[in-house]
Every structure is written in structure tokens, then in C-alpha cells.
Amino acid sequence: MMINTSKKRLALAVAGTLSLGASMAQAEDFTASATLQNTLAVTNLQDLDIGSVFATVTGAALANGVGALVIAPGGTIADQGSDSATVNLTSLTSPTAAQGSVDMTADFTLQLPDTSAIVAADFAADGTSTLVNITNGTGNATELVHESANPAVPSLWLMHFTVGDVSGGVSTAGTLNEGDFTIVPDFGQTTYVFNIGATLTTEPTTSEQTYQEGVYSGTFEVTAAY
């Protein structure tokens with residue numbers, strides 16, 4: 001009987017030890033955080049390569065208008081139908097449209113430069129035009145500067161941006177030449193690849209200026225917003 005009693009006491013002692021260990025549990029604080037993003041990331045997949053173009057001089061007056069080429073998002077290029085009859089700007093090779101991508105699960109908007117203050121109908125020779133808005137900054141045109149950076153060499157100018165050939169969705173333009181394009185996704189798509197085109201013009205001037213051979217380049221901004 002004494003042996004059995006000792007066994008019971010040992011069992012009770014072990015049970016008491018387990019109970020003491022459970023009472024030593026501690027609470028721990030965890031931090032919760034979230035990053036809110038209103039502007040979506042635009043990835044540059046390919047810059048706009050207009051290719052080789054031919055131009056010799058600008059007009060001798062604003063009334064001479066400008067030469068203009070339209071680069072479509074699909075990569076084709078054509079003369080602007082209402083450009084100058086006296087200022088020559090001709091495409092010699094095929095262009096490569098700019099291309100970008102955005103990751104998103106709902107409709108979003110692409111914003112390119114608003115160049116609506118420049119009217120394509122004024123590219124032709126006329127006495128009252130919006131051509132001055134190309135060079136004075138109010139038209140938001142992108143200046144393509146000669147590689148020499150010589151201020152005596154006239155620039156080429158990029159405006160009237162377009163978006164198309166959207167993979168994963170459909171693009172709808174807003175007000176003409178304001179640069180707003182709404183992307184509506186196809187079902188189940190999360191990555192959208194899009195092409196960008198634009199209109200290229202010579203520089204409107206009040207005295208004839210001569211173009212030089214070489215590379216003309218500049219940058220424009222694309223923003224995606226939800």
C-alpha cells in the first residue's frame with residue numbers, strides 16, 4: 001500500500017509541474033501596415049524610334065506653316081493631311097512605336113502630354129494659327145533637340161500623342177489631343193501592354209532656318225492613374 005501511495009504522489013507532482021509551465025505564456029504585439037498607391041507604375045518597354053526623316057529648312061514665317069508626319073501606335077507613318085505646302089518633312093524609314101506596360105486589375109487612365117492647344121488644321125500655311133504654342137511651352141509639345149545642342153539649329157517637335165494596340169484591354173481616347181486614354185481590361189487580365197504614337201512637326205519660325213543631319217531627341221512623360 002505504501003508503494004502505491006508513493007506512485008500517486010509522484011503523479012500529482014508531475015501534473016503540478018505541467019500546470020506551472022502553462023501559466024508562463026506571454027502575449028506579443030504585431031504591427032499591421034498597408035501601402036496605398038494612387039499612381040500606377042508605368043514600365044518603359046520600348047522608346048519611340050521615328051527612324052530617318054528628311055527636312056532641309058523651316059518656313060520663313062509662321063504663315064508658312066510646318067511640315068508634319070503622323071506616327072500611328074501600330075508603327076505606320078503618314079503625312080499629316082493639313083500640313084504645309086512649302087515646308088517639307090518626309091519619312092525615309094519605318095518608325096517603331098513607343099511601348100509600355102501597366103499592371104492593374106481594373107480600369108485605369110493613361111495621361112500623356114496635353115497638346116490640345118495646338119490645332120492640326122493650323123499646320124498648313126495661314127495667317128492666324130496656334131503654331132506659336134508649339135515653341136512657347138503652352139502647347140506642351142516635346143522638343144527634339146539636335147545632338148549638337150546648337151541653338152541655331154531648329155528642333156523637331158512631337159505632339160498629339162495617341163495610344164493603341166493594347167494587349168489585355170481596350171483603349172478609349174478622351175477629348176481630342178488632351179492625352180487622356182482610358183484602358184478597360186479584358187476579363188481576367190492583369191498586365192496591359194500598349195503602344196504610343198504621335199505627330200512630328202518641323203519648327204514654326206519667323207525666319208528661315210536650316211536643319212542639320214544627325215540625331216534629334218527628347219523625352220515625354222506617361223502617367224497611369226486608377
Side-chain angles (χ1 to χ4, degrees), residues 34-53 66-83 89 91-124 130 133-134 138-144 156-201 216-226:
T35 300
L36 189 148
Q37 181 174 309
N38 288 331
T39 301
L40 305 178
V42 177
T43 300
N44 181 343
L45 301 179
Q46 182 173 272
D47 289 323
L48 176 59
D49 183 358
I50 300 169
S52 297
V53 297
V66 295
L69 295 170
V70 178
I71 303 106
T76 60
I77 191 167
D79 286 330
Q80 162 58 249
S82 62
D83 65 350
L89 179 62
S91 173
L92 301 178
T93 61
S94 297
T96 301
Q99 189 173 78
S101 70
V102 171
D103 291 334
M104 185 56 179
T105 59
D107 298 3
F108 64 94
T109 299
L110 290 173
Q111 176 65 60
L112 286 86
D114 179 354
T115 57
S116 58
I118 304 166
V119 179
D122 291 335
F123 294 166
T130 59
N133 293 335
I134 294 177
T138 61
N140 298 318
T142 297
E143 184 177 10
L144 307 187
L156 296 172
W157 294 83
L158 207 59
M159 65 210 69
H160 298 172
F161 296 89
T162 53
V163 170
D165 288 11
V166 180
S167 172
V170 177
S171 170
T172 302
T175 303
L176 182 65
N177 297 327
E178 284 191 354
D180 289 322
F181 297 87
T182 300
I183 307 299
V184 178
D186 295 335
F187 179 77
Q189 295 294 318
T190 58
T191 298
Y192 311 94
V193 177
F194 54 90
N195 288 2
I196 301 171
T199 296
L200 180 74
T201 75
Y216 291 73
S217 62
T219 61
F220 60 91
E221 186 175 76
V222 181
T223 301
Y226 173 66

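All heavy atoms count here, side chains included; hydrogens, waters and symmetry mates do not.
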Polar side chain donor-acceptor pair, [X] to [Y], under 3.5 angstrom:
X    : Y    : value
S82  : Q80  : yes
N133 : T138 : yes
T191 : D103 : yes

| note | Result for side chain to side chain contact (heavy atoms under 4.5 Å, CB included) between F161 and one of L112, D114, L110 points to L112

| field | Test side chain to side chain contact (heavy atoms under 4.5 Å, CB included) applied to H160 and L200, V70, I118, the passing residue | value | I118

| message | Looking only at the aromatic ring of each residue, does the gap between the centers of F181 and F194 stay below 6.0 angstrom? | response | no

What are the two closest non-hydrogen atoms of [X] and [Y], and how far apart are they?
X    : Y    : result
I134 : A141 : O-CB, 3.7 Å
A68  : T201 : CB-CG2, 3.9 Å
I71  : I77  : CG1-CD1, 3.8 Å
G139 : A117 : CA-CB, 4.2 Å
Q99  : N195 : NE2-OD1, 2.9 Å
T96  : L48  : O-CD1, 3.4 Å

Heavy-atom distance under 4.5 Å between the side chains of [X] and [Y], does that happen here?
X    : Y    : answer
D107 : P185 : yes
D79  : L69  : yes
I50  : L158 : yes
S171 : I183 : yes

Check whether any side-chain N or O of [X] sits under 3.5 Å from a backbone N or O of [Y] as a donor-acceptor pair, and report yes or no.
X    : Y    : value
S167 : V193 : no
E143 : G218 : no
N140 : P113 : no

| field | Over 12 non-hydrogen atoms of neighbours within 6.0 angstrom of CD in E221 | value | no

| Once you round to the nearest 0.5 Å, how far does CG of L45 lie from CD1 of I196? | 10.0 Å

| query | What is the ring orientation for F108 with Y192, classed by angle as parallel under 30°, tilted 30 to 60°, or perpendicular over 60°? | reply | tilted

